[in-house]
Chemist: 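Shown below is the structure under consideration.
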Amino acid sequence: MKMKPAAKVYTALIFLFLFAPIAILLVFSFNGAKSLSVFSTVSLKWYRELFRDAETLNALKNTLILAVCASVLSTGMGTAAAVGINKLRKRYLRAALDTVTNIPMMNPDIITGISLMLMFVFVGQLFGMATSLSFWTMLIAHITFCLPYVILQVLPKLKQMDPSLPEAAMDLGCTPLRAFFRVEVPEILPGVITGLLMAFTLSLDDFVISYFTQGNGFQTLPIRIYNMTKKTVTPKMYALATLIFFAILALLLLTNLVDEDDSRRIRAARDARRGRRSHAHRPGSRRPLRIAVSLLVVAALAIGAIGFYGQRAQPLVLNVYNWGEYVSDGSDDSLDTIQAFEAWYKETYGVPVKVNYDTYASNEDMYAKLKSGAVSYDVVVPSDYMIARMASEDMLLPLNFDNIPNYRYIADSFKGLYYDAENRYTVPYTYGIVGVIYDANQVDEADADGWELLWNEAYAGRILQFNNSRDAMGTALYRARLDVNSTDRAVWDEALAALVAQHGLVKSYVMDEIFNMMESGEAAVAAYYAGDYFTMLDAEADSVDLRFYYPEPTNYFVDAMCIPAGCQNQELAEIFINYMLSEEPAIANAEYVYYASPNRLVYENEDYVNDMGEEAMKILYPNIEQFAELYNQYAYRNLDQETLDYVNSLWETLKIN
Amino acid sequence: MSRAPRERRNARVARLSLAPYSVWAVLFIVVPLVFVAYYAFTDNSMRFTTENITKFFTATSTVLGEDGSQQVVRTYMVIFWRSLKLAVISTVICLLLGYPTAYIIARAAPRTQKTAITFIMIPMWMNFLIRTYAWMTILQDTGLLNHLLAALHLGQAHIIGTEAAVVIGMVYDYFPYMILPIYSVLAKMDTRLIEAAHDLGCNNVGVLRRVIFPLSLPGVVSGVTMVLIPSISTFYISQKLGNGKFFLIGDAIEGQYVANNLHFAAAIAFILMVILLIAMALMKRFTDSCVRGGV
């Protein structure tokens, strides 16, 4: 049937809508700068970086392994279930099964995810397991939400099939099993394949359920992307999306060719039936294809399993849990510090070690996962107030500093800070100060002073505020010179009132989104961490002129490496921490993250100082000698649960205004 | 072979092939839901409490009204109704855009059908977080859309950070889930019925209203379900495209989970689940009677 012109235009518009964002990804994957809003130069940089980035490739591998395993297993089990359901004669049983099958489809992802997580954690605690979540729990979760889709694809095909066909086959002497494979399977095969494809697609694209059920050392791409909150989502991901897009296109072309082959075969068969001879006629030409496809699937599974076990079989495994985008990943010819550690360890100790490097999006996220016993790690990098909380709840192990000789390079200002007064649990990783970033092309220099700029009505609709309660409330409290660690509800109420008053002026509550918004001139004013200002400078648009200053008073923070209770190999963890303090990796990390380093090997290194430039050094390291004093006065402390709950409820109030 | 043993064997085959799935369904579908209920009705020391449930219905906040006056509202009711509103709007738009698309595809040549359906599914292979991120680039005030509008001298559109942006994100992300089920029903539809209706004097609109649409209702119902459910509970789209300016119910659940209030998170999830299951049961009853009445 021919399409009418109106229908053609309509479908074209629909496809334009569906593919517009994909076109954006495609274009920006060739961007020379690290921005999704400002295009600078055409470059293949991110493709090169992608193939060098072991962690991203590993996440891709994980995603594929999970999708292949989940789709194959759920298709097998789902097809068997559909056959069974179709044969069921008892109505109530059928109705019950129908209802249960529908539950994962009727339930929002977030509920499926939370429900499975609660059960796994409960069972894990029951059996006293160190970690209740793993690859297997994630696989179970994925199979569970794929199953109904498979069943719903296969069941209709079974219903359409004439039930007398297998009967006839058996009457003609087939065994039931043979009848099933010879008669029923070919009939339902299209449904099975569609089910398999749907399961694969759903598993590939799932984020929410994976987020709640992920375990140690097995993070998929969606989780990694979600956790890239410290810096903007890296354009490597766009490069990856583009490659996937073209891979699918190629696959489609290929299957189309196969189709053509099929139709030629059918035509040939028809010709043959009419008594004509045809050279294209190859008897059974479909069989090799099927064998090829099944071989491919089996191979993929095997490779997946081998890769997975190969990785597991390593004698030494170190599980590191860090913020997303918070370690040098080897881009721009820098040092990939995780890989470098593995290489260094093997060279020094003669045994291989495998680092499972997982990421989280916030302190609270990390705490929730560790606290529930869902996961356990050997090294984590929380911020100060979270360290205080974890230490008070016995979630951290005291360090053996004999294994961390490089600790001597940490400046004295960073020792004995409130969260670890006796220097028992922590080795500082980075530190920083919250400042105000503004676009001088939009903001009058005269206004650029203190916290007031964030409440200045002249810039209504162009102001950004933190999208986490502690930092956002913090800006209001520092502005009013109130205690950011108060337990007095009236103080928090006052902070909320200021934020509510600001709500109409705020363009957006941001974390990683700040990068794109400031770089493109979309917003004019934001408070953020000093180091991130320089990341933005690298990618700012020509029409944007970003400047920076510190308001008084402001927030000082330290992120430090710690070893959580439940660590499997403390000595190895300490060797890792020590390695991260040594000169080359410490500088690579500091240059990548752009945050100030408390490590003398970094900030006294001439190359580093030159790379950073005079202005950056002045802003990042303004008063390293007085740091301890200012820090102890203004840093966030751990709040008691009651105050936290109260602040959280105020935050919800702000978000319904 | 006589009939009776074969019947028995059929039953045995049915039991055997159903066994793994039945065990799986009980262990990983039913039992986890019991855990949601269990956590919803307990406190941190696992003692029974209804506090979490009542908190959902009674917690209040003072907000600034549009006229600047202070108003006391029920926090989670506001969040819930806003989520419902946006989800329903997204679902309706998906249906209005998706039904014609599915119809056009189902009436195209078989080869075109296959290609079109594959192209509808392709975006799902590219991670949905990344796709949502790309929408930020299109919709922001200095973004692609506004550059386009400016070039055409059509003024500016402020979309990012509004409810409209969140709706666009939801429609985009869940659009394939609307098209696929409707398409599969329409493609299988017996064209003789349509011809018969024409022969009996029905015009095009009449055929669509009286024959095609009622017959495609099962597809519409699954489409509506598959769009409504994820859009009511999303938390990423509202964070990114809503500029973090408002909470949806998914944000509330995730927020409570991250704030270490697992029991309250479970309570919100439990209430949402109950409401949705009741709504779906009602919808199923309604459409069942419609389908029966329509044919």
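In what follows, every heavy atom counts, from backbone to side chain, and hydrogens, waters and symmetry copies are set aside.
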Chemist: Is it the case that Tyr133(B) and Asp512(A) place a side-chain donor and acceptor less than 3.5 Å from each other?
Modeler: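 Yes, Asp512(A) and Tyr133(B) have a side-chain donor paired with an acceptor closer than 3.5 Å.
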Chemist: Could you tell me if the side chain of Val208(A) sits less than 4.5 Å from the side chain of Phe235(B), heavy atoms only?
Modeler: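 SC-SC contact between Phe235(B) and Val208(A) confirmed.
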Chemist: With a 4.5 angstrom heavy-atom cut-off, is it the side chain or the backbone of Ile244(A) that approaches chain B, or both, or neither?
Modeler: side chain
Chemist: Just so I know, are the side chains of Thr62(B) and Thr653(A) near enough to count as touching, which here means a heavy-atom distance under 4.5 Å?
Modeler: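 They are not in side-chain contact.
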Chemist: Between Asn261(B) (side chain only) and Asp645(A) (backbone N and O only), is there a donor and an acceptor less than 3.5 Å apart?
Modeler: no
Chemist: Measure Thr101(A) against the heavy atoms of chain B and call it side chain, backbone, both or neither at under 4.5 Å.
Modeler: both
Chemist: Hey, what do you get for CG (Leu272(B)) to CD1 (Ile110(A)), rounding to the nearest 0.5 Å?
Modeler: 8.5 Å
Chemist: I need the Tyr38(B) OH to Met119(A) CE distance, nearest 0.5 Å.
Modeler: 14.5 Å
Chemist: Mind checking the OG1-CD1 spacing from Thr11(A) to Ile104(B)? Nearest 0.5 Å is all I need.
Modeler: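 It is 4.5 Å, given to the nearest 0.5 Å.
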Chemist: Under a 4.5 Å heavy-atom cutoff, which of Ile29(B), Val78(B), Leu16(B) has the most pairs with chain A?
Modeler: Ile29(B)
Chemist: Identify the two heavy atoms, one from Ser362(A) and one from Val258(B), that lie closest to each other, and give their separation to 0.1 Å.
Modeler: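 Reported closest heavy-atom pair: OG-CG1, 4.2 Å.
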Chemist: Which one wins on heavy-atom pair count under 4.5 Å against chain A: Leu27(B), Val36(B), Ile160(B), Thr101(B)?
Modeler: Thr101(B)
Chemist: Below 4.5 Å, heavy-atom pairs only: which of Asp251(B), Leu33(B), Val171(B) has the largest tally toward chain A?
Modeler: Leu33(B)
Chemist: I'd like to know if the side chain of Glu522(A) reaches the main chain of Asp141(B), judged simply by a donor and an acceptor atom lying under 3.5 Å from each other, with no hydrogens or angles considered.
Modeler: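 Yes, Glu522(A) side chain to Asp141(B) backbone: donor-acceptor pair under 3.5 Å.
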Chemist: Are Phe17(A) and Trp135(B) an aromatic pair, judged by ring center distance below 6.0 Å?
Modeler: yes
Chemist: Just wondering, do Tyr509(A) and Phe246(B) contact through their side chains at under 4.5 Å, heavy atoms?
Modeler: no
Chemist: Please determine, among Tyr76(B), Phe264(B), Tyr236(B), Phe270(B), the option with the most heavy-atom pairs under 4.5 Å with chain A.
Modeler: Tyr76(B)
Chemist: With side chains defined as the heavy atoms from C-beta onward, is the minimum distance between Met273(B) and Asn107(A) less than 4.5 Å?
Modeler: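 Met273(B) reaches Asn107(A) side chain to side chain.
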Chemist: To the nearest 0.5 angstrom, please state how far the CZ atom of Phe247(B) sits from the CD1 atom of Ile656(A).
Modeler: 10.0 Å
Chemist: Which heavy atom of Leu118(A) sits nearest to which heavy atom of Phe35(B), and what is that distance?
Modeler: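 The answer is CD1-O, 4.0 Å.
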Chemist: Among Leu276(B), Leu97(B), Thr132(B), which residue forms the greatest number of heavy-atom pairs with chain A at distances under 4.5 Å?
Modeler: Leu97(B)
Chemist: What option among Leu116(A), Thr112(A), Asp365(A), Ile114(A) has the most heavy-atom pairs under 4.5 Å with chain B?
Modeler: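 The residue among Leu116(A), Thr112(A), Asp365(A), Ile114(A) with the greatest pair count is Leu116(A).
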Chemist: Minimum heavy-atom separation for Phe119(B) to Phe19(A), with atom names?
Modeler: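 Closest approach of Phe119(B) to Phe19(A): O-CZ, 3.2 Å.
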Chemist: Kindly say whether the aromatic ring centers of Phe212(A) and Tyr257(B) come within a distance under 6.0 Å.
Modeler: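 Centroid separation for Phe212(A) and Tyr257(B): below 6.0 Å.
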Chemist: Please test Thr137(B) against Asn516(A) for side chain to side chain contact (heavy atoms under 4.5 Å, CB included), starting from the C-alpha separation and ending with a verdict.
Modeler: CA-CA 8 Å; Thr137(B) 308; Asn516(A) 284 328; 5.5 Å; no
Chemist: To the closest 0.5 Å, what do you measure between CD (Gln256(B)) and CG (Asn648(A))?
Modeler: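 The CG atom of Asn648(A) is 5.0 Å from CD of Gln256(B), to the nearest 0.5 Å.
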Chemist: Could you walk me through whether Lys188(B) and Gln160(A) pass the side chain to side chain contact (heavy atoms under 4.5 Å, CB included) check?
Modeler: CA-CA 11 Å; Lys188(B) 272 189 301 213; Gln160(A) 277 168 13; 3.5 Å; yes
Chemist: Do you see a donor-acceptor pair shorter than 3.5 Å between the side chains of Thr75(B) and Glu652(A)?
Modeler: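 The answer is no; no qualifying pair exists.
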Chemist: Is a side-chain donor or acceptor of Tyr238(A) paired with a backbone partner of Ala134(B) at a separation under 3.5 angstrom?
Modeler: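 No; judged by distance alone, with no hydrogens or angles, the pair does not exist.
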Chemist: Given side chains that start at C-beta, do those of Asp206(A) and Phe128(B) come closer than 4.5 Å, heavy atoms only?
Modeler: no
Chemist: For residues Val63(B) and Val500(A), determine if any side-chain heavy atom of one lies less than 4.5 Å from a side-chain heavy atom of the other.
Modeler: no
Chemist: Name the member of Lys240(B), Met280(B), Arg82(B), Met136(B) that forms the most heavy-atom pairs with chain A at distances under 4.5 Å.
Modeler: Lys240(B)
Chemist: Which heavy atom in Leu18(A) sits nearest to a heavy atom in Pro123(B), and how many Å separate them?
Modeler: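 Reported closest heavy-atom pair: O-CG, 4.1 Å.
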Chemist: What distance separates Leu18(B) CG from Met77(A) CE, expressed to the nearest 0.5 Å?
Modeler: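 So the CG of Leu18(B) and the CE of Met77(A) are separated by 12.0 Å.
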Chemist: Are any non-hydrogen side-chain atoms of Ile22(A) and Met126(B) less than 4.5 angstrom apart?
Modeler: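 Sidechains of Met126(B) and Ile22(A): in contact.
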Chemist: Could you report the tightest heavy-atom contact between Arg389(A) and Asn260(B), atom names first, then the distance?
Modeler: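 Nearest pair, atom of Arg389(A) first, then Asn260(B): NH2-ND2, 4.1 Å.
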Chemist: Taking Lys507(A)'s backbone N and O only, do any of them form a donor-acceptor pair with Asn243(B)'s side chain (distance below 3.5 Å, no angle check)?
Modeler: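 The answer is yes, because a donor-acceptor pair under 3.5 Å joins these two groups.
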Chemist: Does Lys245(B) reach the side chain of Lys655(A), with side-chain heavy atoms less than 4.5 Å apart?
Modeler: no
Chemist: Looking only at heavy atoms, which two atoms of Trp125(B) and Leu197(A) are closest? And how far apart?
Modeler: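 Looking at all heavy atoms of both residues, the shortest contact is CZ2-CD2, 4.4 Å.
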